[in-house]
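Written below as C-alpha cells is the structure these notes are about.
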Amino acid sequence: MKAFQYFLSTIIFLLLSSFGASAQDMATEMRSNGKIYVVVFVLATIFAGIFAFLIYLERKIKKLETKK
Amino acid sequence: MRQHWWKIITAILLFYTLFAGLLDVVPPRHILNETIRNLYFHVPMWFTMFVLFAASVVYAVWYLRSSNIMHDIISASFAYTGIFFSVLGMLTGMEWAQYTWGAAWSNDPKQLGTALCMLTYFAYWVLRGGMKDEDKRAKISAVYNIFVFALIIPLIGIMPRMVDSLHPGNGGNPAFSNYDLDHNMRLVFYPAVIGWIGLGFWLSTLLIRVKKLNHAAEEIEL
C-alpha cells in the first residue's frame, strides 16, 4: 500500500510539475513525450489479463456444469 | 443456451473507457487537474454497487414469495458482488481524496453515508455466515436485505445532498448537471458506467453459477 502511494505521489508530482502546461497544470508533458501511452499500455495489459481470467473461469464453470 | 454477447460488449466498453478515459481531452480544473479522469473509474463503482444491490433485493423479495432457494442464491451473489464493488469504490475514493482533498478521510457526508451502507451490507454477510439452516438463512437475510437496501436512499441519496459536502453535486445541487460534467466527459462517462455495470453482472453470474454447483453437490451428498 505504501509503495503504491509513493508511486502514485511520484506520478502526480511529475504531472503537476510539467512546464508550459495549460492554465491548470494538465499532463500535457506526459502526452507530448508519449509516456501517457505507457500508462495506457500497462492498464490495457491489466484489463486484458482480467478478462482472460474471467474467460478461463467461464470455461471452467461450464465444464463443471455440463459434467453434472 | 448461455448468452455471451453482453460480456463482449462489456469488455469493449471497458477498453474504450480505458483508452478514451486516459487519452481524451478533459476540462482543466483547479486542484483536480488530470485526476478528474477518475470519474470514469471511481464513480461507476458506486453505480454498479447500487444496481447490484437493487438486483439483490429484487431476488430477495422473489425468494420470500416463491421459497425457491435458487432465488436466495442469486440474491446473495448479487449482494456479495455489490459489496466487492463498494469496497473498490471506497478505496479508490480514499486514494483520490488523499491527493485532492488532502486526506483520505474527511468525514465527508457522502463518505460517511456510504461507509454506513457498507457496514449494513457487511452485517448481511455476517448474518448469513452465522446460520447453517438454508431456509432460515434465506428468509432472515432476505428480510434484512430489504431493510438495508431501503437505507441506501437516505444514507447516500438524500442526507449527503442536504448538507455541505466535498463531493460535487451536494449542498443542494444534484451532480451530473451541465455544470458538473462537460460534453466530452459524458461521451466517456456513460459508456463507462454501462461497461462497469456489465462487469458487475458478469462477476455476479459467475458467483451464482459456482454457488448453484456447490448447492447441487451438497444436495447429492444429502
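Here the structure is a predicted model, which means the values were calculated and not measured. Proteins get letters first, then strands, A, B, ... in listed order; numbering begins at 1 in each.
Listed in order of number, the residues of residues 203-212 of chain B that approach chain A to under 4.5 Å between heavy atoms are Leu203(B), Leu206(B), Arg209(B), Val210(B).
With respect to the salt-bridge test (charged N to carboxylate O, under 4.0 angstrom), the residues Glu58(A) and Lys7(B) qualify.
Two residues are said to be in side-chain contact when any heavy atoms from C-beta on lie closer than 4.5 Å; Leu199(B) and Phe51(A) meet this criterion.
Within the 4.5 angstrom heavy-atom criterion, no atom of Lys60(A) approaches chain B.
The CD atom of Glu34(B) sits 6.5 Å away from atom CD1 of Ile36(A), with the distance rounded to the nearest 0.5 Å.
Between Phe47(A) and Leu14(B), the shortest heavy-atom contact is CE2-O, 3.5 Å. Pairing each heavy atom of Phe15(B) with each of Ala48(A), the nearest pair is CZ-N, 3.7 Å.
Heavy atoms from other residues, nucleotides or ligands lying under 6.0 Å from CH2 of Trp125(B) number 12 at most.
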